[in-house]
2 protein chains.
Amino acid sequence: MPTPPPTAGEPTAERLLDAAEQLFAQRGTSVSVREITAAADANLASVSYHFGSKDGLLQALLRRRLDPINEARLALLDRFEAAVPPGAAVPLERIVEAFVRPALDPAANPGPHFMQIMAHLHASHEPVAAEFFREVFEPLVDRFLTSFSAALPDLPPARLHLRMHLLVGATVHALMAQHSPKCPLPKDLASPLDPTDVLDELVEFCAAGFRHG
Amino acid sequence: MPTPPPTAGEPTAERLLDAAEQLFAQRGTSVSVREITAAADANLASVSYHFGSKDGLLQALLRRRLDPINEARLALLDRFEAAVPPGAAVPLERIVEAFVRPALDPAANPGPHFMQIMAHLHASHEPVAAEFFREVFEPLVDRFLTSFSAALPDLPPARLHLRMHLLVGATVHALMAQHSPKCPLPKDLASPLDPTDVLDELVEFCAAGFRHG
DNA sequence: GGTAGTTCTAAACGAACGTTTGATTTGTGG
DNA sequence: CCACAAATCAAACGTTCGTTTAGAACTACC
């Protein structure tokens, strides 16, 4: 027996999640259920059976990766806030880091696939995305906005809010650009940055952007 | 006669481009040809007739808006470089502005629709997007990379390249967030920024990010 | 006023999609 | 060994999709 399925031993639901994550990242959420089940060595009907629908599979896939990341973001921000004297502001670099590191850190990283799906969904108009994003990210952004606001008390809320959007955009784009052949790169760029340098660049870039003016 | 089509008088090809731009922006490029032709008050076959295919319509739609924007970007960068003494570096704010203003400036702006399509395509995996983006943006990024490189001569190319990606990500996201109900906004944010303030914020944010370290 | 070329129209085509169905297999506790 | 539930399976369903087709309508020009 050569290799029965690509990922044998795991239960079917897990194999479907793994296969869908890889295929959605490579070719978008328009990949057919037939292709997913073929890659997972499962029956066509198994998606409906285990997740109710293709959307159900997508949501389960997202929550599997996103919940731990967002928990880590909040925990890291708590740690940084506990490390400064009461009433003092957390350095902007630390707030940005708390937001960025759990998504980029190779140590606890779900791999390059997941964030490509996030970027794809974020710019997409799938009906499932809007409600899902609100539900998952609303408490997170509220928490980070108050921290940023404490660190930049004189910045009008509308401007702070826009800068938070810029942080999200830069983060999503950085993650995607690292693993996507999309953008026109200089072809002779022989030494791409390792993930640690990318994280440093992103933190410093956005912290400087937040602090300007 | 109440209002024969939504946009009468224009030739069919233009009506198709207009309708497709609006629908693609609102609901993504998966909007059906049937819906586009219905909105343009045209026959189903008119897309194939005038543009060869749905992809042809999309590419024509993109070039109609993108070519003028990219020409304006290069012209603006030329102007800023001509305004400094020979050998001197252009301020980072001006390089960023040359990249950002033609896409955001309400004066010459194609409206909110187009940039949402760009964001959507950028994160999508449609086969048409990759080659199209390379073709359209390669000379542009080469030009801007040399300007940035002249302004930051000590920055390693890999880091400069990443920061350029962060600029693109922040720009795309800022444009999208302004006109999309996607992200979880604070609900009580009664006074959104006008486009001029958004452009200022984006320029200052990214210039500071480029300059850091 | 006919005629050639462009544009429009209604209808149909074949393919691909997500989901459902009903039977069959598998696994487990009595 | 049997019964019962969970899981898998092949097959089909109905819908929607982009594109094609053949002919009608319109335009401009000689």
Side-chain angles (χ1 to χ4, degrees), chain A residues 1 4-24 26-62 117 120-121 124-129 131-132, chain B residues 1 4-24 26-62 117 120-121 124-129 131-132:
Chain A
M1 198 181 292
T7 47
E10 281 183 302
T12 300
E14 296 292 326
R15 295 205 314 276
L16 288 172
L17 289 172
D18 294 339
E21 181 171 288
Q22 179 158 341
L23 287 171
F24 284 164
Q26 287 172 355
R27 316 217 322 264
T29 50
S30 62
V31 169
S32 69
V33 173
R34 283 168 173 82
E35 199 163 354
I36 296 168
T37 52
D41 197 54
N43 187 268
L44 172 60
S46 57
V47 167
S48 290
Y49 178 78
H50 286 284
F51 302 99
S53 66
K54 186 186 181 182
D55 269 356
L57 169 63
L58 176 59
Q59 292 203 32
L61 183 159
L62 293 174
I117 303 178
H120 170 69
L121 275 184
S124 86
H125 301 80
E126 305 195 28
V128 64
E131 46 182 316
F132 180 84
Chain B
M1 196 182 295
T7 49
E10 280 184 302
T12 300
E14 295 292 326
R15 295 206 315 275
L16 288 172
L17 288 172
D18 294 339
E21 181 171 288
Q22 178 158 342
L23 287 171
F24 284 165
Q26 288 172 354
R27 317 222 316 268
T29 50
S30 63
V31 170
S32 70
V33 174
R34 283 169 172 82
E35 198 163 356
I36 295 169
T37 51
D41 196 53
N43 187 269
L44 171 61
S46 57
V47 166
S48 290
Y49 178 78
H50 285 283
F51 302 99
S53 66
K54 186 187 182 182
D55 268 356
L57 170 64
L58 176 59
Q59 292 205 32
L61 183 160
L62 293 174
I117 302 178
H120 170 69
L121 276 183
S124 86
H125 301 80
E126 306 195 27
V128 62
E131 44 182 318
F132 180 83

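Residue numbering restarts at 1 for every chain, and letters A, B, ... go by the order of the sequence lines.
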Roughly, in whole Å, what's the span from CG in B:Asp41 to P in C:dT7? 18 Å
Between B:Asn43 and A:Asn43, whichever has its closest DNA chain D nucleotide further toward 5' is A:Asn43
Minimum heavy-atom separation for A:Ile36 to A:Leu16, with atom names? CG2-O, 4.1 Å
5' priority, DNA chain C, between A:Gly52 and A:Glu35 [closest heavy atom]: A:Glu35
B:Leu44 CG to C:dC8 P, straight-line distance once rounded to whole Å: 14 Å
So which heavy atom on B:Ala129 is nearest to which on B:Leu121, and how close? CB-O, 3.9 Å
Can you tell me how far apart CD (A:Glu10) and CZ (A:Arg15) are? Round to the nearest 0.5 Å. 8.0 Å
In this structure, how many angstroms lie between the P atom of C:dT19 and the CG atom of A:Leu58, rounded? 12 Å
Output the rounded distance in Å from OH (A:Tyr49) to C1' (C:dT24). 14 Å
Figure out the CD/C1' separation between B:Glu14 and C:dC8, and round it to whole Å. 17 Å
Starting from the C-alpha separation in whole Å, work towards a yes-or-no answer on side chain to side chain contact (heavy atoms under 4.5 Å, CB included) for A:Ile117 and A:Leu61. CA-CA 10 Å; A:Ile117 303 178; A:Leu61 183 159; 3.8 Å; yes
Hey, could you give me the CZ/CG distance between B:Phe132 and B:Leu58, rounded to the nearest 0.5 Å? 7.5 Å
Classify A:Ser48 by what it touches in the nucleic acid, base, sugar-phosphate, or nothing, heavy-atom distance under 4.0 Å. base
Non-hydrogen side-chain atoms of A:His120 and A:Phe24 separated by less than 4.5 Å: no
Tell me: CZ of B:Arg15 to P of C:dT7, nearest whole Å? 13 Å
Covered region of DNA chain D, 5' end to 3' end, by chain A [heavy atoms, under 4.0 Å]: D:dA6 to D:dA12
By the 4.0 Å heavy-atom rule, please label A:Thr12 as base, sugar-phosphate, or nothing. sugar-phosphate
Separation of C:dC17 C1' from A:Lys54 NZ (nearest whole Å): 8 Å
Is A:Thr37 close to A:Asn43 at the side-chain level, that is, under 4.5 Å between some pair of heavy atoms? no
Which of these nucleotides, C:dC8, C:dT19, C:dT9, is closest to any side-chain atom of B:Ala45? C:dT9
